[in-house]
Amino acid sequence: AIPPLLEMLSGNIESKDLSLSALVKLAGSHANKGIIAASGGVPLIIDLMFSPQSRTLIIIKCSEIIEKLSSDGDGIDFFVDGEGKQLELDSIIANLLALQQTSNSGHNIRKPALSALLGICKFETGLVKKAILAANGVSLILPLLDDSDSEIRETSIILLFLFSQHEPEGVVEYLFRPRRLEALIGFLENEENANVQIAAAGLLANLPKSERELTMKLIELGGLDAIISILKTGKMEAKENALTALFRFTDPTNIESQRDLVKRGIYPLLVDFLNTGSVTAKARAAAFIGDLSMSTPKLTVVPKPTGCWLFRSSRVPLCSAHGSVCSVNTTFCLLEAKALPGLIKLLHGEVHATACEAIQTLSTLVLEDFPQRGARVLHEYNAIRSIMDILNWGTDSLKAEALGLLEKVFVSKEMVEYYGTTARSRLIGLTGMNIYGDGHLRRKAAKVLSLLERYSKSSSSAISGVPE
């Protein structure tokens, strides 16, 4: 039935109207989309849709068909001619954007055209980048956030999220206009539409973190509370974007902003992500904990060995990693936050993204002035063996991270005496056999090996634990 309908598109206005009305219904089926495309129908429909001579009723029906062709994850699959050759997508995207600006385009044209644009852009990042730069897409979509139609507003925020991955600057300028930030926070708070919440958090995550004024304004208007709320109750993809957005509120050089977040109860949420989140959420939570842990040494007060302090320290235990009285709220201590087991678990899964962030965060425990304390903590939690295992299975970049941490750990003679034999065999493998490998990695391995050689092989272990 479809080829005859396509032939009718070259007829008079009534013929076109009848044909398109039928095609709108038929285009809802995946199989029918394939027939429309294979019969050469898509270029005909697109030409009609963007023709200056076409009447509004015809454009509306063409928009609905184009929307259906790109829906259900089909993207640009059906945007081909009768021989299966890809159509010129740049001009299609530019025309779909232009329709949003046309004064006589009603919601019944703009809404399906916008949905079609989203369907096309969702799966084609290279295409999106090229098209939005060519058509000035960000500036054309931004005003639609103020549209009276809620569906247009919601589709626009999702498109802006995609666009902001390539061109975030134009968005910041727009958000400083009156009531725009309140609208963005409204999208963050929209628990009825997960896709909108995912997009709003993602848009915020993509905006430059250097925009300090934007960050302060977001806190003032409740944006930070909305982000934390997503971390508690949102879908996992929204949580992933919210975690990335959260980094803008925790500049490691600004301890007060970190303290504000910790007071809002962020630490237990992060620890929970280490154990129950997606791979992306686990990696971001580990990185976040690392940022907080880097501030701990600046916040700790090491007790002086006076009689008064000795008496007090018998009642108030000192942190085994930092040698001070630690807590989650005062020093952001990851031991007190019970984050260490979750971080060490990330070393076991042979997942590079999470293991890399875990190693960098664990490194914050081994302080330059007192490396023995942090090294001993890692030993007690059986983390050092897991770090050495990475030298067997990790990528070169991950092995380099592991070697960086081992270099800090093996400053401690105790650790060398305990792990020396195992570590030596792994390191010799990296320095000797990998002749054609990464020279940087070999140099790092040789440096750690030289630390092991500093201490006598015959020394007996000074600490208790499981034997080699």
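All residue numbers in this chain count up from 1 along the given sequence.
- Within 6.0 Å of atom CD in E192, 12 or fewer heavy atoms from other residues, nucleotides or ligands are found, so the atom counts as exposed in its surroundings.
- Taking a 6.0 Å sphere around CD of Q165, one finds it holds more than 12 heavy atoms contributed by other residues, nucleotides or ligands.
- Ring geometry, F247 versus F288: the interplanar angle falls from 30° to 60°, so the pair is classed tilted.
- The nearest pair of heavy atoms linking S19 to L6 is OG-N, 4.4 Å.
- Between F163 atom CZ and S139 atom OG the span is 10.0 Å, to the nearest 0.5 Å.
- In this structure, E182 CD and E189 CD are separated by 10.5 Å, a value rounded to the nearest 0.5 Å.
- The residue from R153, Q100, H107 that alone fulfils the side-chain hydrogen bond (donor to acceptor under 3.5 Å, both in side chains) condition with D147 is H107.
- By the neighbour-count criterion of 12 heavy atoms within 6.0 Å, atom CZ of R55 is sparsely surrounded, having that number or fewer from other residues, nucleotides or ligands.
- Within the 3.5 Å criterion, the main-chain N or O of L26 finds a donor-acceptor partner in the side chain of N32.
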From CA spacing to verdict: side-chain contact (heavy atoms from CB on, under 4.5 Å), N329, Y267: CA-CA 9 Å; N329 286 336; Y267 232 139; over 6 Å; no
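- Using modelled atom types, no side-chain atom of T361 and backbone atom of A358 make a donor-acceptor pair closer than 3.5 Å.
- In terms of modelled atom types and a separation under 3.5 Å, the side chain of S15 and the main chain of M8 share a donor-acceptor contact.
- Counting non-hydrogen atoms of other residues, nucleotides and ligands closer than 6.0 Å to NZ of K263 gives a total of 12 or fewer.
- Judged by distance alone, the side chain of K408 and the main-chain N or O of V366 form a donor-acceptor pair under 3.5 Å.
- Judged purely by atom type and a 3.5 angstrom limit, S164 uses its side chain to pair as donor or acceptor with the backbone of L160.
- In this structure, CG on L261 lies 5.0 Å from CG on L224, to the nearest 0.5 angstrom.
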Verdict with supporting geometry, K61 and E64, salt bridge (Lys or Arg N to Asp or Glu O under 4.0 Å): CA-CA 5 Å; K61 287 176 180 172; E64 289 172 3; over 6 Å; no
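- L334 and S293 make their closest contact through CD2-OG, 3.5 Å (heavy atoms, listed as atom of the first residue, atom of the second, distance).
- Shown here is K298, whose NZ atom has more than 12 heavy atoms of other residues, nucleotides or ligands within 6.0 Å.
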Evaluation steps, side-chain contact (heavy atoms from CB on, under 4.5 Å), between L99 and F50: CA-CA 9 Å; L99 269 183; F50 299 130; 3.9 Å; yes
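- Under a 3.5 Å cut-off, the side chain of N95 and the backbone N or O of S91 do form a donor-acceptor pair.
- Between Q258 and D291 the shortest heavy-atom distance is NE2-O, 3.3 Å.
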Intermediate values then yes/no, side-chain contact (heavy atoms from CB on, under 4.5 Å), L117 and I92: CA-CA 9 Å; L117 187 64; I92 294 171; over 6 Å; no
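- Rounded to the nearest 0.5 angstrom, S70 OG and I65 CD1 are separated by 12.0 Å.
- Salt-bridge check for R385 with D389: failed, with every basic side-chain N at 4.0 Å or more from each acidic carboxylate O.
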side-chain contact (heavy atoms from CB on, under 4.5 Å) between E380 and L340, intermediate numbers included: CA-CA 11 Å; E380 286 166 359; L340 199 50; over 6 Å; no
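- Looking at S115, its side chain does come within 3.5 Å of a backbone N or O of K111 through a donor-acceptor pair.
- Side-chain atoms of S397 and T395 form a donor-acceptor pair, as typed in the model, at a separation below 3.5 Å.
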Test log, rule side chain to side chain donor-acceptor pair (under 3.5 Å), inputs E401 and Q360: CA-CA 7 Å; E401 292 289 347; Q360 290 179 1; 3.0 Å; yes
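- K345 places no side-chain N or O within donor-acceptor distance of the main-chain N or O of N275, the cut-off being under 3.5 Å.
- Of all heavy-atom pairs spanning S156 and I141, the tightest one is O-CG2, 3.7 Å.
- Heavy atoms only, all atoms of each residue included: K232 and K239 are closest at O-NZ, 4.0 Å.
- Here L270 contributes atom CG and L231 contributes atom CG; the two are 7.5 Å apart, rounded to the nearest 0.5 Å.
- Minimum heavy-atom separation, K33 to S71: NZ-O, 3.3 Å.
- Summarising the local packing, CD of E173 is surrounded by 12 or fewer heavy atoms from other residues, nucleotides or ligands at distances under 6.0 Å.
- Note that OG of S54 and CD1 of I60 are 12.0 Å apart. Values are rounded to the nearest 0.5 Å.
- No donor-acceptor pair closer than 3.5 Å links the side chain of T215 to the backbone N or O of F249.
- For T233 (side chain) and I230 (main-chain N/O), no donor-acceptor pair under 3.5 Å exists by modelled atom type.
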Verdict with supporting geometry, K68 and D74, salt bridge (Lys or Arg N to Asp or Glu O under 4.0 Å): CA-CA 9 Å; K68 289 187 176 183; D74 289 322; over 6 Å; no
